[in-house]
Enquirer: 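There's a structure below that I have some questions on.
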Amino acid sequence: MAHIENISEFEGESVTLQGWLHNRRSSGKLHFLTLRDGTGFIQAVMSKTAVGDQTFLQVKHLGQETALTLDGVVRADTRAPGGYELDATGISVVGETHEYPVTPKEHGVDFLLDHRHLWVRAERQHAVLRVRHSVVNAVRDYLNTEGFILADTPVFTPAACEGTTTLFPVPYFDLGTAYLTQSGQLYNEANAMALGRVYCFGPTFRAEKSKTRRHLTEFWMVEPEMAYGTLDDVIALAEGLISSVVGRVLEERGRELDVLERDRGPLAGVVAPFPRMTYDEAVDILREAGRPIAYGDDFGGTDETILAKRFDRPVAIHRYPAAAKAFYMQPDPERPELSLSVDILAPEGYGEIVGGGQRLDDLALLEQRIAEHDLPKDAFEWYLDLRRYGNVPHAGFGMGIERVVAWICGLDHVRETIPFPRMLYRLTP
RNA sequence: UCCUCAGUAGCUCAAUUGGCAGAGCAUCCGGCUGUUAACCGGAGGGUUGCUGGUUCGAGUCCAGCCUGAGGAGCCA
């Protein structure tokens with residue numbers, strides 16, 4: 001079976017393509033039909049003499065997104081965007097369509113999001129989702145090759161992983177309220193003590209009332225965790241992972257990047273090692289740039305953009321003040337007020353794509369931090385067991401897939417990087 | 001939660017000082033043998049987000065509300 005993706009293998013041959021009519025341009029005796037089949041887009045040329053008057057007239061009245069199978073001969077043509085065209089010899093209409101809403105002209109964001117179930121058929125959206133597929137595959141391949149075991153963590157959780165972030169409550173039979181996971185990390189730590197190097201990869205839910213181009217309420221996150229791992233191990237792993245993912249997209253999604261008109265230059269330079277700076281150094285840079293930042297504050301979106309724009313590849317910022325990070329971060333032994341944490345900021349203003357660090361492994365200090373954060377100690381007893389039995393240094397991070405895809409594709413909003421985005425004011429379709 | 005902006009034909013948008021509701025695309029009809037968001041000619045298509053107010057007259061001015069977008073905070 002021929003697909004548009006590998007149509008070059010069929011040059012000179014008769015093929016049948018199963019797909020949908022993406023667009024039609026007609027003259028008196030020629031139809032130019034753009035067909036899409038899920039793997040790509042191709043133009044078919046249908047002449048009146050080749051198919052006869054009756055078929056030619058029928059095709060003239062087919063609407064956009066009509067489902068059809070098209071028979072024809074594959075021909076190389078320099079005028080065609082993909083390098084190949086189809087000389088149509090026959091057509092069979094599978095599903096008629098009239099007045100398809102998402103026309104080839106411009107549309108507003110609200111209209112497009114209301115029609116997301118149809119918008120995903122558009123050429124740009126098709127390209128983004130194929131890039132996402134490659135990103136996800138590259139992540140899994142890299143971690144698998146590095147000896148990580150996939151050990152997925154639960155979506156229903158009994159309490160907050162990090163006390164601060166807002167959670168989505170769900171009624172859970174007779175056991176009261178469960179919450180949708182906001183991170184698999186705590187369970188990852190348990191799995192790492194069993195399997196050594198592990199990762200979880202699944203949806204994550206944040207009920208924050210964030211309404212920006214970088215936020216979804218439901219997003220996908222990959223979280224590797226390493227027993228006997230350190231902060232340096234985390235930074236090295238993240239560098240390897242990110243550069244591997246970018247390399248894979250450049251290798252296998254060139255056509256999609258062309259459709260998105262993505263400049264390859266900034267992506268080609270994304271190779272390890274990445275520049276690194278401490279939180280202290282970052283604060284100095286921001287103050288020199290005139291930002292009124294108080295020492296100890298976390299960085300805002302504008303701050304992140306200023307820092308990231310100084311480099312041609314992602315930058316790792318490490319050793320944040322402990323107060324600015326979650327309760328489970330290991331203190332820096334040389335300066336206990338700092339944490340062995342790291343954020344990696346994507347270039348070109350795309351912000352934080354990775355956050356992680358070395359986990360707090362001192363039982364007494366962990367108990368103290370849980371108390372300081374007013375977290376229910378009972379709910380964390382199992383987590384404290386990890387420090388009681390076979391306790392070792394360990395480290396890990398989380399990487400947000402949608403932000404990575406948005407950056408690689410050069411999009412201005414993460415909502416286009418997932419088939420059906422979930423946002424503060426949008427739950428449908 | 002706060003700040004800013006927007007809502008007129010299926011879609012994207014115009015409408016001058018408050019004075020007849022418009023265009024392109026889409027749809028329908030016709031034309032064209034190399035189009036790339038094709039083009040050319042014709043036709044149909046309106047509760048101007050909602051409620052109230054000012055006025056001889058409101059898409060336009062006033063008040064309230066609804067919906068959405070961008071940003072802040074927070075985060076991946």
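Just so we're clear, the structure is a prediction, and the values are computed from it rather than from any experiment. Below, chains carry the letters A, B, ... as their sequence lines are ordered, and counting in each starts from 1.
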Enquirer: Any residue in residues 132-145 of chain A with a heavy atom nearer than 4.0 angstrom to RNA chain B? Just list them by number, or reply none.
Expert: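 Contacting residues: none.
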
Enquirer: Flag the pair A:Y279 / A:F299 as yes when their ring centroid distance falls below 6.0 Å, and as no otherwise.
Expert: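 A:Y279 vs A:F299: aromatic centres under 6.0 Å.
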
Enquirer: For RNA chain B, find the residues of residues 401-418 of chain A with a heavy-atom distance under 4.0 Å and give them by number; none if there aren't any.
Expert: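 Those residues whose heavy atoms fall under 4.0 Å from RNA chain B, taken from residues 401-418 of chain A in numerical order, are A:R403, A:H413, A:R415.
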
Enquirer: Are A:R206 and A:E218 close enough for a salt bridge, meaning some N to O gap below 4.0 Å?
Expert: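 Salt bridge absent between A:R206 and A:E218.
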
Enquirer: Assign A:H22 to base, sugar-phosphate, or nothing according to its heavy-atom contacts below 4.0 angstrom with the strands shown.
Expert: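 Nothing, no heavy atom under 4.0 Å.
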
Enquirer: Regarding A:E239 and A:R276, does a basic nitrogen lie under 4.0 Å from an acidic carboxylate oxygen?
Expert: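 Between A:R276 and A:E239 there is a salt bridge, with a charged N closer than 4.0 Å to a carboxylate O.
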
Enquirer: With A:F56, which residues qualify under ring-ring contact (aromatic ring centres under 6.0 Å, His included), at least two apart?
Expert: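 If we apply the ring-ring contact (aromatic ring centres under 6.0 Å, His included) test to A:F56, skipping adjacent residues, the hits are A:H31.
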
Enquirer: Quick test of your reading: applying side-chain hydrogen bond (donor to acceptor under 3.5 Å, both in side chains), list the pairs with at least one residue in residues 297-318 of chain A, sequence neighbours left out, ordered by first then second residue.
Expert: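 Of all non-adjacent pairs touching residues 297-318 of chain A, those that pass side-chain hydrogen bond (donor to acceptor under 3.5 Å, both in side chains) are A:R291-A:D303.
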
Enquirer: Under 4.0 angstrom, heavy atoms only, what part of the nucleic acid is A:M399 near: base, sugar-phosphate, or nothing?
Expert: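 Counting heavy atoms under 4.0 Å across all strands, no contact is made by A:M399.
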
Enquirer: For RNA chain B, determine which residues of residues 113-128 of chain A have any heavy atom closer than 4.0 angstrom to one of its atoms, and list them numerically.
Expert: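 Nothing qualifies; none.
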
Enquirer: Flag as yes if A:Y425 stacks onto the base of B:G68 (centroids under 5.5 Å, planes under 30°), otherwise no.
Expert: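 No, A:Y425 does not stack on the base of B:G68.
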
Enquirer: Using a 4.0 Å heavy-atom cut-off, does A:H215 contact any base of the nucleic acid, only the sugar-phosphate backbone, or nothing at all?
Expert: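 Base, at least one base heavy atom under 4.0 Å.
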
Enquirer: Is a donor-acceptor pair below 3.5 Å formed from side chain A:S210 to base B:C74, judging by atom type as modelled?
Expert: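 Present.
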
Enquirer: Under 3.5 Å, which protein N or O atoms sit close to an N or O of nucleotides 43-49 of chain B? Give each pair with its distance.
Expert:
none

Enquirer: Are A:R124 and A:E256 ion-paired here, with the side-chain N under 4.0 Å from a carboxylate O?
Expert: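 Not counted as a salt bridge, because no side-chain N and carboxylate O are separated by less than 4.0 Å.
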
Enquirer: Would you say that more than 12 heavy atoms from the other residues, nucleotides or ligands in this model lie under 6.0 Å from the CZ of A:F420, or not?
Expert: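 Yes, the 6.0 Å shell around CZ holds more than 12 heavy atoms from other groups.
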
Enquirer: Categorize A:K211 for me: base, sugar-phosphate, or nothing, with a 4.0 angstrom heavy-atom threshold over every strand shown.
Expert: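 Base, at least one base atom sits under 4.0 Å.
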
Enquirer: Taking A:R359 first and then A:E225, would you say they form a salt bridge - that is, a charged N and a carboxylate O separated by under 4.0 Å?
Expert: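 Between A:E225 and A:R359 there is a salt bridge, with a charged N closer than 4.0 Å to a carboxylate O.
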
Enquirer: Verify whether the ring centers belonging to A:F327 and A:F380 lie closer than 6.0 Å.
Expert: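 Yes: the rings meet the under 6.0 Å criterion.
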
Enquirer: The criterion is side chain to side chain donor-acceptor pair (under 3.5 Å); which residues satisfy it with A:T49, sequence neighbours excluded?
Expert: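 Side chain to side chain donor-acceptor pair (under 3.5 Å) list for A:T49, sorted by chain: A:S47.
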
Enquirer: Mind checking A:R214 for me? I need base, sugar-phosphate or nothing, with any heavy atom below 4.0 Å counting as a touch.
Expert: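 It contacts base atoms.
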
Enquirer: Under the criterion side chain to side chain donor-acceptor pair (under 3.5 Å), I'd like the reasoning laid out for A:R116 against A:Q125: C-alpha separation, chi angles, the key distance, then a yes or no.
Expert: CA-CA 10 Å; A:R116 181 61 175 171; A:Q125 301 308 309; 2.8 Å; yes

Enquirer: How long is the line joining CG of A:L167 and C1' of B:C74, in whole Å?
Expert: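 Whole-Å distance recorded here is 13 Å.
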
Enquirer: By the 4.0 Å heavy-atom rule, please label A:F111 as base, sugar-phosphate, or nothing.
Expert: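 Result for A:F111 = sugar-phosphate.
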
Enquirer: Can you confirm if the aromatic rings of A:Y187 and A:W382 lie within a centre distance of less than 6.0 Å?
Expert: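 They qualify: ring centres under 6.0 Å apart.
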
Enquirer: Between atom CG in A:L57 and atom C1' in B:G31, what is the gap in whole Å?
Expert: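 The answer, rounded to whole Å, is 14 Å.
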
Enquirer: Under 4.0 Å between a side-chain N or O of A:K209 and OP1 or OP2 of B:G73?
Expert: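 The answer is no; no side-chain N or O of A:K209 sits under 4.0 Å from OP1 or OP2.
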
Enquirer: Name all residues meeting the side chain to side chain donor-acceptor pair (under 3.5 Å) criterion together with A:H3; count only those two or more places apart in sequence or in a different chain, and write none if there are none.
Expert: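 If we apply the side chain to side chain donor-acceptor pair (under 3.5 Å) test to A:H3, skipping adjacent residues, there are no hits.
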
Enquirer: Identify, residue by residue, the members of residues 273-298 of chain A with a heavy atom below 4.0 Å from RNA chain B, and return them in order of residue number, or none.
Expert: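 Contacting residues: A:D298.
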
Enquirer: Kindly indicate whether the side chain of A:H107 and the base of B:C11 share any N or O donor-acceptor pair separated by less than 3.5 Å?
Expert: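 Such a pair does not exist between side chain and base.
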
Enquirer: If you count the non-hydrogen atoms of other residues, nucleotides and ligands that lie under 6.0 Å from CZ in A:R422, is the total more than 12?
Expert: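 For A:R422, atom CZ is crowded (more than 12 foreign heavy atoms under 6.0 Å).
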
Enquirer: Which side-chain N or O atoms in residues 341-358 of chain A pair as donor and acceptor under 3.5 Å with protein atoms at least two apart or in another chain?
Expert:
residue	atom	partner	partner atom	Å
A:S341	OG	A:Y320	N	3.3
A:S341	OG	A:S339	OG	2.7
A:D343	OD1	A:K325	NZ	3.0
A:D343	OD2	A:Y320	OH	3.4
A:D343	OD2	A:K325	NZ	3.0
A:E348	OE1	A:R262	NH1	3.0
A:E348	OE2	A:R262	NH2	2.9
A:Y350	OH	A:G410	O	3.4
A:Y350	OH	A:L411	N	3.3
A:Y350	OH	A:L411	O	2.7
A:Q358	OE1	A:L231	N	3.0

Enquirer: NA contact type, A:E106, heavy-atom cut-off 4.0 Å: base, sugar-phosphate, or nothing?
Expert: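 It contacts base atoms.
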
Enquirer: Mark yes when over 12 heavy atoms from residues, nucleotides or ligands other than A:E372 sit less than 6.0 Å from its CD; otherwise mark no.
Expert: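 Result for CD/A:E372: enclosed.
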
Enquirer: Base, sugar-phosphate or nothing for A:G63? Non-hydrogen atoms, less than 4.0 Å.
Expert: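 A:G63: no heavy atom of the nucleic acid under 4.0 Å.
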
Enquirer: Count the heavy atoms of every other residue, nucleotide or ligand shown that sit under 6.0 Å from CD of A:Q18, and state whether that count exceeds 12.
Expert: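 It does not: A:Q18 CD has 12 such atoms or fewer within range.
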
Enquirer: In dot-bracket form, how is RNA chain B paired, counting a Watson-Crick or G-U wobble pair only if both its distances are under 3.5 Å and using | for bases paired to another strand?
Expert: (((((((..((((.....[..)))).(((((.......))))).....(((((..]....))))))))))))....

Enquirer: Do A:E85 and B:G34 have a side chain to base donor-acceptor pair shorter than 3.5 Å?
Expert: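 Side chain to base: pair present.
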
Enquirer: Between A:K29 and A:E304, just flag the one whose closest nucleotide in RNA chain B comes earlier from the 5' side.
Expert: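 That would be A:K29.
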
Enquirer: A:W220 or A:D87: which one's nearest nucleotide on RNA chain B is closer to the 5' end?
Expert: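 Going by which nucleotide is closer to the 5' end, it is A:D87.
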
Enquirer: Which pairs, protein N/O on one side and nucleotides 38-42 of chain B N/O on the other, fall under 3.5 Å?
Expert:
residue	atom	partner	partner atom	Å
B:A38	OP1	A:N23	ND2	3.2
B:A38	OP2	A:N23	ND2	2.3
B:A38	OP2	A:R25	NH1	2.6
B:A38	N6	A:S26	O	2.5

